> 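Structure incoming, see below.
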Amino acid sequence: NGGSAILNYTFYCYQGASRIQSITQPAVTCTFVGLADGTTYGFSVLASNLNGNGGESPQTMGTPQAAPIGFAGQATVPMGTSASVGFSPW
């Protein structure tokens with residue numbers, strides 16, 4: 001890091017080989033929205049400081065899954081359209 005503190009993390013979401021979303025922020029967790037229930041995505045992160053960007057991490061795979069919501073006899077509402085991603089920088 002060249003002695004400079006980390007300023008931001010950029011999180012990436014991939015579908016296959018295509019990067020479909022990115023979020024840049026100082027926090028070490030984020031939530032990607034608008035994902036498809038049951039679809040597998042790849043997630044990676046890189047850190048940035050005054051000296052530039054670090055290398056992008058290897059992808060970690062994840063699949064949002066809907067959890068049924070409702071009571072017996074009621075329709076269920078799929079909620080598996082987002083993924084929360086985080087890491088420990090230590």
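All values reported here derive from a predicted model rather than from experimental measurement.
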> Taking all non-hydrogen atoms of both residues, which atom of N49 and which atom of I6 are closest, and how far apart?
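Smallest interatomic distance, heavy atoms only, reads CB-CA, 4.1 Å.
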> Can you tell me which residue pairs pass the salt bridge (charged side-chain N to carboxylate O under 4.0 Å, His left out) test with a partner in residues 5-18, sequence neighbours excluded?
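Passing the test, one end in residues 5-18: no pairs.
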> Of all heavy-atom pairs between D37 and P64, which one has the smallest distance, and what is that distance?
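The answer is OD1-O, 3.2 Å.
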> With a cut-off of 3.5 Å and sequence neighbours excluded, list every side-chain donor-acceptor pair involving residues 39-46.
residue, atom, partner, partner atom, Å
T40, OG1, T63, OG1, 2.8
Y41, OH, A36, N, 2.7
S44, OG, E56, OE2, 2.5

> T60: which residues meet the side-chain hydrogen bond (donor to acceptor under 3.5 Å, both in side chains) condition with it, sequence neighbours left out?
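Scan of T60 (side-chain hydrogen bond (donor to acceptor under 3.5 Å, both in side chains), adjacent residues dropped) gives none.
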> Do you know which two heavy atoms are closest between Y12 and S22, and how far apart they sit?
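Heavy atoms of Y12 and S22 come nearest at CD2-CB, 3.6 Å.
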> Minimum heavy-atom separation for T24 to T10, with atom names?
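Residues T24 and T10, closest heavy atoms: OG1-OG1, 2.9 Å.
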> Indicate if V28 and I23 have the same hydrophobic cluster label, given that clusters are the connected sets of ILVMFWY residues with side-chain heavy-atom separations under 4.5 angstrom.
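Same cluster.
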> I'd like to know whether Q21 forms a side chain to side chain contact (heavy atoms under 4.5 Å, CB included) with F11, so could you lay out the CA-CA distance, the side-chain angles of the two residues, the decisive distance to 0.1 Å, and finally the verdict.
CA-CA 8 Å; Q21 290 187 43; F11 295 86; over 6 Å; no
> Considering only residues two or more places apart or on different chains, which pairs with a residue in residues 43-54 satisfy salt bridge (charged side-chain N to carboxylate O under 4.0 Å, His left out)?
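Non-adjacent pairs meeting salt bridge (charged side-chain N to carboxylate O under 4.0 Å, His left out): zero.
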> Return the set of residues passing side-chain hydrogen bond (donor to acceptor under 3.5 Å, both in side chains) with N53 (not counting sequence neighbours), or none when no residue passes.
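For N53, the residues satisfying side-chain hydrogen bond (donor to acceptor under 3.5 Å, both in side chains) (neighbours in sequence not counted) are S48.
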> Applying side-chain hydrogen bond (donor to acceptor under 3.5 Å, both in side chains), name anything that partners T31, two or more places apart in sequence or on another chain.
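Checked T31 against side-chain hydrogen bond (donor to acceptor under 3.5 Å, both in side chains); matches are S84.
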